[in-house]
Amino acid sequence: MDKYRLKIDNEENFFQLFADANLNFNDCTLQDVIVTPAENLWEINIVTTKDVDEKIFRAAEDFLQRRYHVSVEISSKPTVGDEVPPAENKSAQKTK
């Protein structure tokens, strides 16, 4: 089954989709959107800096389903606050 990863140049524009539904995605970063046309499915993966109420994601799924007539699955994973990505960690070590 063909799946397509959408390239979103500006995640703020993506999150604006939810402005009409009054859903707040502050503290969230869009990781990727994968579309499976044969199933009319959007898989949206979000990274959060803190725990976000899952009700927001379910409401966003319902909103997108009603507006765009697609099946939607939103998943999130929290990041650890002090976690440094490996690339940044290596750069910091070189400058010491």
Side-chain angles (χ1 to χ4, degrees):
M1 187 150 326
D2 291 333
K3 291 185 177 194
Y4 302 94
R5 186 177 309 272
L6 298 182
K7 181 180 181 204
I8 308 293
D9 289 330
N10 185 334
E11 71 181 34
E12 289 178 23
N13 287 341
F14 177 80
F15 286 127
Q16 282 296 333
L17 290 173
F18 304 102
D20 292 342
N22 294 320
L23 297 172
N24 181 348
F25 282 90
N26 291 341
D27 302 319
C28 294
T29 302
L30 181 64
Q31 185 174 15
D32 58 18
V33 178
I34 300 169
V35 177
T36 308
E39 295 179 7
N40 200 26
L41 173 64
W42 294 5
E43 297 173 73
I44 301 169
N45 298 304
I46 295 174
V47 177
T48 60
T49 57
K50 62 179 184 178
D51 289 335
V52 176
D53 189 350
E54 286 290 319
K55 290 179 186 176
I56 292 173
F57 298 132
R58 302 302 74 88
E61 289 172 346
D62 290 341
F63 175 77
L64 292 173
Q65 288 170 351
R66 285 192 315 275
R67 179 170 254 182
Y68 298 104
H69 308 287
V70 296
S71 296
V72 180
E73 295 176 4
I74 298 177
S75 62
S76 68
K77 64 178 184 180
T79 59
V80 178
D82 295 333
E83 188 175 288
V84 177
E88 289 181 28
N89 195 12
K90 287 181 183 177
S91 298
Q93 288 176 355
K94 288 181 181 179
T95 59
K96 288 183 179 178

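Hydrogens, waters and symmetry mates play no part in the numbers below; they use all other heavy atoms, side chains included. Quick caveat: nothing in here was measured; it's all calculated off a predicted structure.
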**Asked** What is the ring orientation for Phe15 with Phe25, classed by angle as parallel under 30°, tilted 30 to 60°, or perpendicular over 60°?
**Response** parallel

**Message:** Between Arg67 and Asp20, is there a side-chain heavy-atom distance shorter than 4.5 Å?
**Reply:** yes

**Asked** So do Val33 and Ile44 actually touch side chain to side chain, heavy atoms under 4.5 Å?
**Response** yes

**Asked** What's the shortest heavy-atom distance between Leu64 and Val70, and which atoms?
**Response** O-CG2, 4.1 Å

**Prompt:** Looking just at side-chain N and O atoms, do Asp27 and Thr48 make a donor-acceptor pair shorter than 3.5 Å?
**Reply:** no

**Complete:** Contacts of Lys7 meeting salt bridge (charged side-chain N to carboxylate O under 4.0 Å, His left out) (sequence neighbours excluded), chain-then-number -> Asp9

**Item:** Residue list, salt bridge (charged side-chain N to carboxylate O under 4.0 Å, His left out) with Glu12, at least two apart or on another chain
**Value:** none

**Message:** Are Ser76 and Glu54 packed together at the side-chain level, in the sense that at least one heavy-atom pair is separated by less than 4.5 angstrom?
**Reply:** yes

**Prompt:** If you look at every heavy atom in Leu41 and Val72, which pair is closest and at what distance?
**Reply:** CD1-N, 4.2 Å

**Request:** Indicate the ring-plane relationship of Phe14 and Phe18, choosing parallel, tilted or perpendicular according to the 30° and 60° boundaries.
**Result:** perpendicular

**Closest approach of Met1 to Ala38 (non-hydrogen atoms, all atoms of both residues)** = SD-CB, 4.0 Å

**Prompt:** Shared ILVMFWY cluster between Leu30 and Tyr68, side chains joined below 4.5 angstrom?
**Reply:** yes

**Request:** Check Glu11 against Cys28 and note the closest heavy-atom contact, atom names and distance.
**Result:** OE2-O, 3.7 Å

**Asked** What about Ile46 and Leu6, same hydrophobic cluster or not, with Ile/Leu/Val/Met/Phe/Trp/Tyr joined at side-chain heavy-atom distances under 4.5 Å?
**Response** yes

**Request:** Taking the side chain as every heavy atom from C-beta outward, state whether Glu61 and Arg58 have any pair of such atoms under 4.5 Å apart.
**Result:** yes

**Message:** If you compare all heavy atoms of Asp32 against all heavy atoms of Asn45, which two are closest, and at what distance to 0.1 Å?
**Reply:** OD1-ND2, 2.5 Å

**Asked** How many angstroms lie between atom CG of Leu23 and atom CG of Asp53, to the nearest 0.5 angstrom?
**Response** 11.0 Å

